[in-house]
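Have a look at the structure below before the remarks.
When a residue number appears, it is its place in the shown sequence, counting from 1. First listed ligand is number 1; within each ligand, the first listed atom is number 1.
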Amino acid sequence: MPSRSSKVVRLISTGWTSLAKTTKAPVELMQEALVSATSAVGINLSDIGGLIAVPSLADPHFMEAHYVATHMGILPAKNVVVRTVDTGGAGPVTALLAAKRMVEYEGVDCVAVVAGDAVRQLSGDEFLRRADQTCYHPASGLPSPVIPSGYDRIARYQMDKFGVTRAELAACSAVMSIMAAQHPLAMTKVPRTIEEVLASPPVASVTNLLECARRADGGAALLIASPRFLERKGIPSSTGAVIIGGGEASGPLYPPQLEDINEDMFSCEQATKLAYQEANVSVRDIDFFGLYDCYPVCLIRAVEAVGLADQGQGGRYILSKYHELVANPEKRPQDILPINTHGGLLAFGAPWEVPAMYNIIEAFHQITNTAGTRQIPNVRRALTYGNGGIFSHSAVAILGNGI
Ligand code: MLC
């Protein structure tokens, strides 16, 4: 474990906007979230020495971070460095780890990470036109909608190779809806059943509408700082969570044909292994998991990668948790399943590349004991995972309470 030395880097504050459909531009959502994060710890935008932004789909810009920093008046300024990170939906976690390195090795004392998008603002056709382009390649053989079709291919691989069932896939959405129903900001207010998920309109061969990441608008921000910054600003040194380790790995932008898929294309296992190594922890040390769940197979593979279930058993694990949740309505969901207490992409809401921010923010709330009715008792360490493209990038960060 890291000592309380000058090398300790903390996630000191988080901020976010509502996920309701808005007419605001992504950059405005980012600014709203960032101002909420800075005011929570009594600092100003001028205190920020570094900014990392992830690009939006609704209003993309050349050098997104420079655009955002200029729009917000963070630039021009001396000694401010900004960077755009593009690892798809893994972006926020990649950015969190990059911010840690900026503090550790580049002498930046306070770094902001921002993400925002407004994909609900786009018409369905326009959203698909843009989304289809992101993971498209003529050799992929993926029909529109390209992203759901890509995940569908992986779901079929998982069914063929490991015997994952249709009910196990649907259970992921049902379980996430049970979690979301207890979060005031979540888009999904009412839990759904496996039967309802299976009865929703088909989008691809083994993927229905309620098994797709839920399109949303929204912005989110993180503040990462050194102990020196906290001291200078008179902020208590134990504020927030310590970033204790992380790992990343990559896969292809689009999956091979079904018959050619093998385990080589996946990257979450390697990213998690590296993160556990750097943080010097194992699955038994993690009290909360913020796992990417844009489609059920992503969640199923994630519970296996982090070690909550053996390889090929992730679907069974989630289905058994669904039955346990339904059979025990008097129990708090987080006492049955310490995963995505906010409801994830499938049920909380998914503004394109923003959602891994929510995994991090929920981990922050759990670690700082501010998760309200969703609080898991005594959270000492939390794991957050972001996935980009169609299993094309995995970033895993482990946070701790510093004790
Ligand atoms: C959709 N709806 C949901 C839902 N998904 N409701 C509950 N839970 C969900 N998970 C609702 C919508 O709110 C809407 O209701 C209605 O269903 C129709 O949805 P739509 O999106 O307006 O429909 P349509 O235009 O027909 O498009 C359907 C779709 C699209 C499946 C093609 O929604 C889609 O592509 N979704 C996936 C988005 C996605 O892939 N995101 C990136 C994930 S990959 P109402 O009442 O509002 O009409 C990733 C990695 C990365 O995260 O790098 O990005």
Side-chain angles (χ1 to χ4, degrees), residues 19-21 54-58 60 85-94 115 117 119-136 142-152 154-155 169-170 172-181 186-193 196-197 199-204 207-218 250-255 267-268 291-299 301-302 340 343-359 385-395:
L19 277 80
K21 189 173 178 177
V54 306
S56 79
L57 190 75
V85 153
D86 185 4
T87 53
V93 182
T94 299
D117 216 325
V119 287
R120 192 77 193 129
Q121 233 175 61
L122 303 173
S123 70
D125 285 348
E126 182 57 18
F127 170 73
L128 263 195
R129 197 185 63 76
R130 297 183 190 201
D132 277 357
Q133 281 168 6
T134 58
C135 291
Y136 178 75
L142 292 173
S144 178
V146 170
I147 298 179
S149 301
Y151 280 97
D152 189 78
I154 308 299
L169 292 164
C172 295
S173 174
V175 166
M176 287 301 107
S177 72
I178 293 170
M179 293 296 177
M187 295 180 80
T188 304
K189 306 286 183 205
V190 180
R192 50 199 177 226
T193 61
E196 285 165 337
V197 175
S200 66
V203 172
T207 307
N208 289 3
L209 182 65
L210 294 179
E211 296 170 296
C212 297
R214 187 164 187 177
R215 219 152 47 93
D217 297 348
S250 301
L253 186 61
Y254 58 88
S267 49
C268 184
L291 303 181
Y292 211 81
D293 63 318
C294 49
Y295 293 85
V297 70
C298 189
L299 181 64
R301 290 200 57 103
N340 296 358
L345 286 82
L346 289 168
F348 182 79
W352 197 239
E353 294 190 6
V354 181
M357 285 290 226
Y358 303 138
N359 293 359
Y385 157 50
N387 157 70
I390 304 167
F391 291 101
S392 314
H393 197 85
S394 296

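For atom 42 (C) of ligand 1, the nearest non-hydrogen atom of the protein is Trp352 CZ3, 3.7 Å. Nearest protein heavy-atom contact of atom 3 (C) of ligand 1 is Arg214 NE, 3.8 Å. Cys212 O, 2.8 Å is the protein heavy atom nearest to atom 10 (N) of ligand 1. Among protein heavy atoms, atom 11 (C) of ligand 1 sits closest to Leu209 CD2, 4.3 Å. At the top of the distance list for atom 54 (O) of ligand 1, counting protein heavy atoms only, stands Gly89 N, 4.0 Å. Ranking protein heavy atoms by distance to atom 39 (C) of ligand 1, first place goes to Tyr295 OH, 3.5 Å. Remark: minimum distance from atom 25 (O) of ligand 1 to any protein heavy atom is reached at Gly124 CA, 3.5 Å. Ranking the protein heavy atoms by distance from atom 52 (O) of ligand 1 puts Tyr292 OH, 2.6 Å first.
When non-hydrogen atoms are compared, ligand 1 lies under 4.0 Å from the side chain of Leu345 (C-beta onward) but not from its backbone. Under 4.0 angstrom from ligand 1, there are no non-hydrogen atoms of Met176. Residue-level proximity to ligand 1 for His393 is absent, since no heavy atom of it falls below 4.0 angstrom. Contact annotation: for Cys294 versus ligand 1, heavy atoms closer than 4.0 Å belong to the side chain alone.
In summary, the atoms of ligand 1 found under 4.0 Å from a heavy atom of Phe127, numbered by their order in the structure, are 34 (C), 35 (O), 38 (C). Within ligand 1, the atoms closer than 4.0 Å to a non-hydrogen atom of Gly389 are 50 (C), 51 (C), 53 (O), numbered from 1 in the order shown. Taking every non-hydrogen atom of Gly88 and a distance limit under 4.0 Å, the qualifying atoms of ligand 1 come out as 53 (O).
Between the choices Ala213, Gly349, Gly386, the shortest heavy-atom distance to atom 36 (N) of ligand 1 belongs to Ala213. Looking at Leu128, Asp86, Asp132, it is Leu128 that brings a heavy atom closest to atom 32 (C) of ligand 1. For atom 44 (S) of ligand 1, the nearest non-hydrogen atom from the set Ile147, Thr188, Asn208 comes from Ile147. Residue Arg192 holds the heavy atom nearest to atom 7 (C) of ligand 1 of all those in Arg192, Glu126, Glu211. Nearest to atom 14 (C) of ligand 1 by heavy atom, out of Glu196, Arg120, Arg215, Lys21, is Arg120.
Between Leu346 and Ser177 there is no side-chain heavy-atom pair separated by less than 4.5 Å. Here the side chains of Tyr254 and Val146 are not in contact, with every heavy-atom distance at 4.5 Å or above. The shortest side-chain heavy-atom distance between Ser267 and Phe391 does not fall under the 4.5 Å cut-off. Side-chain contact between Met176 and Leu299: present, with at least one pair of heavy atoms (C-beta onward) separated by less than 4.5 Å. A 4.5 Å side-chain heavy-atom check between Leu142 and Pro255 finds at least one atom pair inside the cut-off. Contact check for Thr134 versus Leu57: side-chain heavy atoms found under the 4.5 Å cut-off. Counting heavy atoms from C-beta on, the side chains of Pro55 and Pro60 never come closer than 4.5 Å. Between Asn340 and Phe348 there is no side-chain heavy-atom pair separated by less than 4.5 Å.
Among residues two or more places apart in sequence or in another chain, the side chain to side chain contact (heavy atoms under 4.5 Å, CB included) test is passed with Arg129 by Glu126, Gln133. The ring-ring contact (aromatic ring centres under 6.0 Å, His included) check on Tyr295 picks up Tyr151, with sequence neighbours excluded.
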Problem set entry | Stepwise side chain to side chain contact (heavy atoms under 4.5 Å, CB included) check, Trp352 with Ser56 | CA-CA 7 Å; Trp352 197 239; Ser56 79; 6.0 Å; no

For this session: Output, in order, the C-alpha distance, side-chain angles, deciding distance and verdict of side chain to side chain contact (heavy atoms under 4.5 Å, CB included) for Asn387 and Cys268.
Result: CA-CA 8 Å; Asn387 157 70; Cys268 184; over 6 Å; no

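At least one heavy atom of Gly388 sits less than 4.0 Å from an atom of ligand 1.
At a distance under 4.0 Å, no protein heavy atom can be found next to atom 27 (O) of ligand 1. Under the 4.0 angstrom criterion, atom 46 (O) of ligand 1 counts as lacking any protein heavy-atom contact. Counting only heavy atoms, the protein gets under 4.0 Å from atom 22 (O) of ligand 1.
Tested against Pro148, the residues Val203, Asn208, Leu128 include a single side chain to side chain contact (heavy atoms under 4.5 Å, CB included) partner, Val203.
The distance from the CZ atom of Arg214 to the CG atom of Leu19 is 10.0 Å, given to the nearest 0.5 Å.
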